[in-house]
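For reference, the structure discussed in these notes is given below.
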Amino acid sequence: MKYISTRGDSTPRTFSEAVLEGLADDGGLLVPEALPDLSREWPGWIGLPYPELAFRLLSHLAPDMDPAKLERCCKEAYGDNYGAEVAPLTRVGEYQLLELIHGPTLAFKDVALQLLGRLFGVILEERGEELNIVAATSGDTGSAAIYGVKDVPRVKLFVTHPDGRIAPLQRQQMTTVLNDSIFNIAVDGTFDDCQQMVKELASDLDFKRKHKIGAVNSINFARIAAQVVYYFAAYLQTEGAPSKRPVVFAVPTGNFGNILAAEYARRMGLPIAHLVLASNENDILPNFFQNGVYQRGEARATHSPAMDIQIASNFERFLYLLVGQDGQRVRELMTEFKNNGSLSYAPPEDGKWVALSCSNEKTLETAAEVLKKTGRLLDPHTATAWWAMQQTDHQFGPELERIVVATANPAKFPDILKQSVPQDTAGLEHPKLKALCELPERLFHLPPSTEALKTFVARGIELGAEGVFLQAKEKAKSHG
Ligand SMILES: *Cc1c(COP(=O)(O)O)cnc(C)c1O
């Protein structure tokens with residue numbers, strides 16, 4: 001199993017190399033040269049505990065890794081730090097809910113980042129290398145990344161967020177982690193400023209090499225690989241499994257990472273009849289599936305903020321599959337997109353894909369309606385997928401199991417949900433989140449300047465978070 005770029009650079013990389021490399025040098029994303037066919041093997045996985053299932057599947061995608069080490073990563077990632085099962089399937093009203101919300105930060109990104117942190121640990125130890133990750137977050141990714149790497153030796157993580165522009169709860173999830181390797185940075189600016197600074201820092205190749213800068217966003221293939229596992233886990237929990245009754249998944253998607261993993265699972269032999277892509281009012285993906293035009297617009301702030309994305313980075317991996325794995329063709333299309341802000345390509349017409357954009361109003365209405373009918377409170381992201389499933393339900397055969405993917409605990413979004421379900425105060429609380437208010441925070445402040453960020457990162461690598469903090473305190477003292 002080799003990894004190559006979506007834009008034609010076919011230098012083969014191992015899985016471990018792909019994990020450290022992030023983006024390919026030609027600007028493409030790394031993908032498997034060919035996906036393994038697991039159709040004969042997976043039915044035998046019924047009843048396996050999640051860590052074991054993950055190990056079996058990932059062995060196919062990461063054959064270069066020492067099996068004992070890979071197994072240990074899976075066991076640690078999906079063991080005690082999950083409050084319940086990793087991906088339980090529960091009946092809620094007329095649908096099944098795949099709950100990916102039981103990780104340390106109560107959102108689905110934990111599934112991938114808990115594993116990615118451990119993979120970094122193993123791979124870096126083997127090579128005797130270190131990695132410094134610089135990221136920008138508007139809320140959700142930051143905390144999942146912090147909890148993924150906070151105890152991993154050889155890794156430091158710098159997370160920027162726009163000062164005062166993320167929910168207090170989301171800030172506290174990040175800033176209460178006081179490990180020496182974790183740096184939370186409030187930037188006096190917007191999320192776009194944060195992202196711009198991180199991009200500029202990473203495109204300074206000298207700085208990147210000198211300071212061993214890496215990425216944790218979903219361009220990292222390990223995140224997609226980890227997400228493929230829960231689609232198999234879901235299927236294996238359906239009634240009658242492993243007999244091959246097809247299923248439909250409705251998936252809340254922003255960066256196309258969550259649903260891309262479902263498409264990979266399908267291509268690896270899981271009987272998925274249809275995929276329902278749910279986005280919010282940022283409708284670039286539904287537009288593509290409906291008209292074959294992928295066109296950038298203005299990003300809007302919605303009730304499902306983790307999906308407020310205009311350019312879905314993983315769409316490129318899907319395009320690569322659509323064009324028949326032709327890297328040159330992808331390069332042309334992405335150049336077209338870069339130059340014109342849009343690209344055209346025929347969307348899949350095999351009837352497998354449906355894509356819908358859920359309005360803010362429908363998001364809130366759906367949360368209220370499902371609560372009333374079933375007693376279950378959905379978070380706003382999950383509500384978009386529930387709504388999309390309802391809209392398309394009549395198109396699917398009655399024999400198909402319908403599974404809605406739940407991506408966050410509703411208690412992470414109390415301010416949004418209070419607008420539609422003010423009565424459900426219990427559902428809007430979680431002991432883990434409540435406890436955060438009591439904890440001390442550590443937070444650094446920077447102006448919106450890439451140079452300032454570079455200086456800070458270089459100093460942080462040298463001194464650690466505690467060291468930088470103490471130095472700042474000394475300085476404040478000597479200035480009276
Ligand atoms: C990130 C996120 C999503 C979207 O996932 P993608 O990988 O961007 O498709 C959906 N819901 C929640 C709660 C998220 O944090």
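First listed ligand is number 1; within each ligand, the first listed atom is number 1.
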Is any side-chain N of the basic residue among Arg402 and Asp393 closer than 4.0 Å to the acidic one's carboxylate O?
yes

Is Lys372 salt-bridged to Glu369, cutoff N-O under 4.0 Å?
no

Do Arg317 and Asn314 have side-chain N/O donor and acceptor atoms under 3.5 Å apart?
yes

In ligand 1, which numbered atoms sit nearer than 4.0 Å to a non-hydrogen atom of [X]?
X      : result
Asp140 : 13 (C), 14 (C), 15 (O)
Asn255 : 6 (P), 8 (O), 9 (O)
Ala408 : 13 (C)
Thr253 : 9 (O)
Gly257 : 6 (P), 7 (O), 9 (O)

Give me the ring orientation class for Tyr3 and Phe221: parallel if the planes are under 30° apart, tilted from 30 to 60°, perpendicular past 60°.
tilted

Once the angle between the rings of Phe256 and Trp353 is folded into 0 to 90°, is it parallel (under 30°), tilted (30 to 60°) or perpendicular (over 60°)?
parallel

Any nitrogen or oxygen of [X] lying under 3.5 Å from a nitrogen or oxygen in ligand 1? Just yes or no.
X      : value
Met307 : no
Lys109 : yes
Gln227 : no

Using a heavy-atom cut-off of under 4.0 Å, does the side chain or the backbone of Phe256 touch ligand 1, or both, or neither?
backbone

Does ligand 1 have a heavy atom under 4.0 Å from the side chain of Asn258, from its backbone, from both, or from neither?
both

Please report whether the ring centroid of His274 lies less than 6.0 Å from that of Phe249.
no

With a 6.0 Å cut-off on ring centres, are Phe288 and Phe315 close enough?
yes

